[in-house]
Structure formats: structure tokens, C-alpha cells
Amino acid sequence: MTCSGRQDLVDGDLPPGSSVRYGSTVTTTAPDRPRESLFTRDSRKLVGITILCLVLQTIGQNWSTGTRLPGGTAAAPAGQVSFHATPWSGWVLLTVAIVVAGFLVGVARRGAARWDQDRVLALTLGVVSGLTAFVWAVGLAQFFWVGWAVEHGVLHPFTIGDVAMTIERFTP
């Protein structure tokens with residue numbers, strides 16, 4: 001387009017790094033930044049999804065339940081057993097170790113013909129997500145297991161992680 005004998009430039013008409021002078025004003029375009037690699041974007045996703053998975057694991061490991069001790073009646077219960085689970089540091093350490101190992105293997109496999117860095121990071125994301133689902137499944141299974149076990153006479157059921165148990169006996 002021309003206006004008053006000069007050509008108006010539209011954004012993108014100038015090659016990167018060039019400048020145009022209009023009277024006393026100089027317009028310069030910024031040089032192009034190198035494009036992010038897929039590995040850089042995947043690494044950012046890996047960090048973000050790992051943090052999200054750790055938060056979800058923490059939520060899935062926080063539970064508490066209680067049931068009556070066997071041997072009592074509804075009118076005169078023998079006592080109460082309470083269970084309270086808190087996040088276990090073992091799951092956190094395992095998750096972080098998987099992420100670090102996956103990242104290091106991804107860096108080592110840069111440019112490989114098979115199982116390149118992008119595929120390794122995608123696999124790492126899948127393993128971390130699967131571990132989070134497993135932690136939730138273990139938490140739910142333990143929640144129901146401890147109640148069932150106490151009702152059937154097992155006062156100290158096997159649990160994984162940080163599960164505290166309180167037994168309160170009622171005296172007649």
C-alpha cells in the first residue's frame with residue numbers, strides 16, 4: 001500500500017534484524033529467537049505433571065477411618081479402632097527418582113534413531129501417571145481393608161505407608 005508517496009509496511013514485511021527510518025523514528029524488528037525443541041517443551045511438561053502427580057498422591061494418601069472392636073454389642077461396645085494415614089515419603093522419593101532417571105536417560109538418548117529423548121520423556125510421564133494411579137488404588141484398598149480386617153478379628157492389619165492406628169478399649 002502506498003500513502004502520500006511512501007510505502008507503509010505491515011508487521012512481518014521486514015526481515016528479522018532490519019530497520020526502517022520514518023522521519024526521526026527508527027523501527028527495528030527483533031531478531032528471531034531459536035525455536036524451542038520438543039525436548040524442552042516435554043521437559044517442562046514433565047516437571048508440571050510431576051508436581052501435579054505429587055499433589056494428587058498426597059491427597060490420595062490422606063484418609064482416616066474407624067470401626068468398633070469385635071466382641072462388643074451395640075449397647076456396650078468393646079472399644080474403637082481408628083486408622084489415620086498420612087503421605088508416605090517413599091512414594092514421593094520413588095516418583096522423583098523415576099522422573100530424574102527418565103530425564104537423564106532422555107538427555108543421554110538425544111538424537112538416537114530409536115527410543116529418542118521425546119519417547120523416553122513420554123514413557124516417563126506415563127510411568128509417573130501410572131504410579132499416581134497405583135498410589136490412589138493402594139490408598140482406597142487400605143481404607144476398606146483395615147475396616148474389614150478389624151471387623152473380622154485382625155487388630156493389626158498389614159498396611160503400606162504411614163498409617164497410624166489407635167485402639168481405645170471401653171471398660172464396663
Side-chain angles (χ1 to χ4, degrees), residues 12 16 30-72 74 77-170:
D32 280 340
R33 294 160 106 196
R35 294 187 64 175
E36 279 186 341
S37 69
L38 187 58
F39 183 71
T40 303
R41 283 181 283 172
D42 285 349
S43 297
R44 286 188 186 136
K45 286 180 191 176
L46 181 66
V47 170
I49 291 174
T50 300
I51 291 170
L52 177 66
C53 285
L54 288 172
V55 168
L56 290 174
Q57 286 178 15
T58 302
I59 293 169
Q61 293 179 70
N62 278 319
W63 55 268
S64 60
T65 187
T67 187
R68 288 193 288 197
L69 283 172
Q80 169 109 9
V81 179
S82 300
F83 294 92
H84 179 74
T86 55
W88 184 42
S89 58
W91 293 124
V92 173
L93 292 174
L94 181 61
T95 303
V96 171
I98 289 170
V99 168
V100 168
F103 180 79
L104 291 177
V105 170
V107 168
R109 299 290 300 172
R110 286 190 95 165
R114 295 181 60 193
W115 286 95
D116 63 343
Q117 70 271 10
D118 303 322
R119 186 172 286 184
V120 170
L121 288 185
L123 178 66
T124 304
L125 284 173
V127 171
V128 168
S129 300
L131 180 63
T132 301
F134 178 74
V135 168
W136 267 81
V138 166
L140 285 172
Q142 287 186 135
F143 177 81
F144 292 113
W145 158 247
V146 294
W148 181 90
V150 169
E151 289 173 1
H152 288 82
V154 180
L155 289 182
H156 299 284
F158 175 76
T159 57
I160 298 173
D162 219 0
V163 181
M165 181 177 75
T166 305
I167 300 176
E168 182 182 5
R169 295 193 186 272
F170 304 138

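Nothing here was measured: the structure is a model prediction, and the numbers come from that model.
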Can you give each donor-acceptor pair under 3.5 Å made by side-chain atoms of residues 154-161, sequence neighbours left out, with the distance rounded to 0.1 Å?
none

**Request:** Among Asn62, Val55, Leu56, find the one that has a side-chain contact (heavy atoms from CB on, under 4.5 Å) with Thr58.
**Result:** Asn62
**Item:** CG-CD distance between Leu52 and Gln57, expressed to the nearest 0.5 angstrom
**Value:** 10.0 Å
**Message:** My understanding is that only residues two or more places apart in sequence, or in another chain, count here; which of them pass salt bridge (Lys or Arg N to Asp or Glu O under 4.0 Å) with Arg68?
**Reply:** none
**Prompt:** Roughly how far, to the nearest 0.5 Å, is CZ of Phe83 from OG1 of Thr65?
**Reply:** 8.5 Å
**Request:** State whether the side chain of Trp91 and the backbone N or O of Leu54 hold a donor-acceptor pair below 3.5 Å, judged by distance alone.
**Result:** no
**Item:** Side-chain donor/acceptor of Arg109 to backbone N/O of Trp115, under 3.5 Å
**Value:** yes
**Asked** Below 4.5 Å, heavy atoms only, C-beta onward: do Thr67 and Trp148 meet side chain to side chain?
**Response** no
**Message:** If I compare all heavy atoms of Ser43 with all of Phe103, which pair ends up nearest, and what's the gap?
**Reply:** OG-CE1, 3.5 Å
**Request:** Using a cut-off of 6.0 Å, state whether more than 12 heavy atoms not belonging to Arg169 lie near its atom CZ.
**Result:** no
**Message:** Using every non-hydrogen atom in the two residues, find where Gly102 and Leu121 come nearest and quote the distance to one decimal.
**Reply:** O-CD2, 4.0 Å
**Residue pair Gln117, Val120: steps toward the side chain to side chain contact (heavy atoms under 4.5 Å, CB included) verdict** = CA-CA 5 Å; Gln117 70 271 10; Val120 170; 5.6 Å; no
**Message:** Quick check for you: to the nearest 0.5 Å, what is the distance between Thr50 atom OG1 and Leu125 atom CG?
**Reply:** 6.5 Å
**Prompt:** Is a side-chain N or O of Gln61 found less than 3.5 angstrom from the main chain of Trp88, in a donor-acceptor match?
**Reply:** yes
**Distance-minimising heavy-atom pair for Thr124 and Ile98** = CG2-O, 3.8 Å
**Request:** To the nearest 0.5 angstrom, please state how far the CD1 atom of Ile51 sits from the OG1 atom of Thr95.
**Result:** 12.5 Å
**Fill in**
Scanning both residues in full, the closest heavy-atom pair of Ser64 with His84 reads CB-ND1, 3.5 Å
